There are 2 protein chains.
Amino acid sequence: MRSERGQRDTPRRRDLIEIATDLISEIGYEQATVRMIADRMGIKSGSLYSHISSKEDVLYKIILDVAGDFLERADRATEGVHDPEERLRALCRSHLEMIRDRRPAVRVYFDEWRKLGDANQAEVIRLRERYEDGFRLAIADGIETKAFDADPQLGARVLLSTLNWAPSWYVADGKLSPREVADQLLEVILRGLYTRG
Amino acid sequence: MRSERGQRDTPRRRDLIEIATDLISEIGYEQATVRMIADRMGIKSGSLYSHISSKEDVLYKIILDVAGDFLERADRATEGVHDPEERLRALCRSHLEMIRDRRPAVRVYFDEWRKLGDANQAEVIRLRERYEDGFRLAIADGIETKAFDADPQLGARVLLSTLNWAPSWYVADGKLSPREVADQLLEVILRGLYTRG
DNA sequence: TCCGTAGACTAGCGCTCGCTAGCCTTATGT
DNA sequence: ACATAAGGCTAGCGAGCGCTAGTCTACGGA
């Protein structure tokens, strides 16, 4: 009898996910074959299926985990913070910290979510929308309570684009911390949103 | 004898490239098989190779053409324009027009360039750097001749990120022209760069 | 001591992939 | 009238893919 699927969360399964994350971030989901993942684990490809149910299942787990982590960190960073500008600052920092801490996984999240089946894709989109709404709400709040002048949609667009594109330009080389980069970024963008500084 | 490769620029070959562009933009390079491309042309997969030399060759042609078109349009849009702010405005408009006019090809350019071999990839990167330098130079110019205050790298980063991410948010539905969107965008970003408006 | 389970193994199925060889048809220019 | 060449066709090669069936071994708890 086959073991009843590898869906439980074992140490070995975590190894597998981590190895797969690195490999996929390096060469892409299609190019990363189950045989390569098995090689890096030091086992044969057939043995993988004691731990996973399919290749897409691995991708889904990786991406779902990243999406959830983005959300959790954002929630934690903004709890108790009510000023819209401070909320935005916390959200930006949190976002850049996520890139710093989990770069390969974040790459997979941004680059490969389209490869998921329709149902899984829809769930990922749902989570991303929830995440981005945090930014949009903070900006909309700023419009009401502060002197933000510009189209809120436009402001959110600029900020979220810059953050979504950040994996391409943000190098966590220790020279600039997520905090510093977030502050510089928001200085420019917030100044653009205020009518009068 | 096989015909000596399909490298010349024939109408049929242009059909093929256009069909491949649409298909790849819809489902991705790996998923788009040569058999599907042939189906859409109404021929058999083997017959494709009268027109192309390999599948990667098709991808390279698509991407190289887009990169070249971005550059040509930018050159045309900025020739004779010397004011840094006006140059930036022209560059942004040109960029958004490109997305409006050639959306599927632009998608392929942004999403699939990593799938190219190393040499082809390097050439694409070279062209992209040249293109982005146009923006960076205009911003650096603005620092010298105008009242731009912020870090020029940071400003370029925000602007280029927003433009590079634009295929995800800019819908050319006729409500807002590239000109209008570019102007709104630059209003926010330039205000952020100026010390005093 | 014995059993159940986790986790590896071997072997290979069935399929699709990019691509090629060689042939046939049709249109064109001399 | 005939040669040439463009551009289809059929058939299939060889390789790699994800995944499965069935087996074996080591170990921890009853």
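Keep in mind the model is a prediction, meaning the values are calculated, not measured. To find a chain, count down the sequence lines: A is the first, B the second, and so on, and within it residues start at 1.
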Pair B:Arg35 + B:Asp39: basic N to acidic O under 4.0 Å: no
Length of the OH-P vector between B:Tyr29 and C:dC17, whole Å: 13 Å
A:Arg14 CZ to C:dA6 P, straight-line distance once rounded to whole Å: 16 Å
C:dC19 OP1/OP2 closer than 4.0 Å to side-chain N/O of B:Tyr49: yes
Any B:Ser47 side-chain N or O less than 4.0 Å from OP1/OP2 of D:dC9: yes
Options D:dG8, C:dC9, D:dG18, nucleotide nearest the side-chain atoms of B:Ile43: D:dG8
Interatomic distance, B:Ile52 CD1 vs D:dG7 P [rounded to whole Å]: 14 Å
Spacing between A:Gln31 atom CD and D:dC17 atom P, to the nearest angstrom: 10 Å
Check: B:Thr78 side chain, B:Val81 main-chain N or O, donor-acceptor pair, under 3.5 Å: no
Check: A:Arg35 side chain, D:dG16 base, donor-acceptor under 3.5 Å: no
Test item: B:Gln121 side-chain N/O and B:Arg114 main-chain N/O as donor-acceptor pair under 3.5 Å: yes
Presence of A:His51 side-chain N/O under 4.0 Å of C:dA8 phosphate oxygens OP1/OP2: yes
CD-OG distance between B:Glu72 and B:Ser94, expressed to the nearest 0.5 angstrom: 10.5 Å
Side chain of A:Arg12 (C-beta onward), nearest among C:dA8, C:dT20, D:dT10: C:dA8
Of B:Thr10 and B:Ser45, the one whose closest DNA chain D nucleotide lies more 5': B:Thr10
Value in whole Å for how far the P atom of D:dC17 lies from CD of B:Glu30: 12 Å
Phosphate OP1/OP2 of D:dC9 contacted by B:Lys44 side-chain N/O (<4.0 Å): no
Rounded distance in Å - CG (B:Leu16) to P (C:dG18): 13 Å
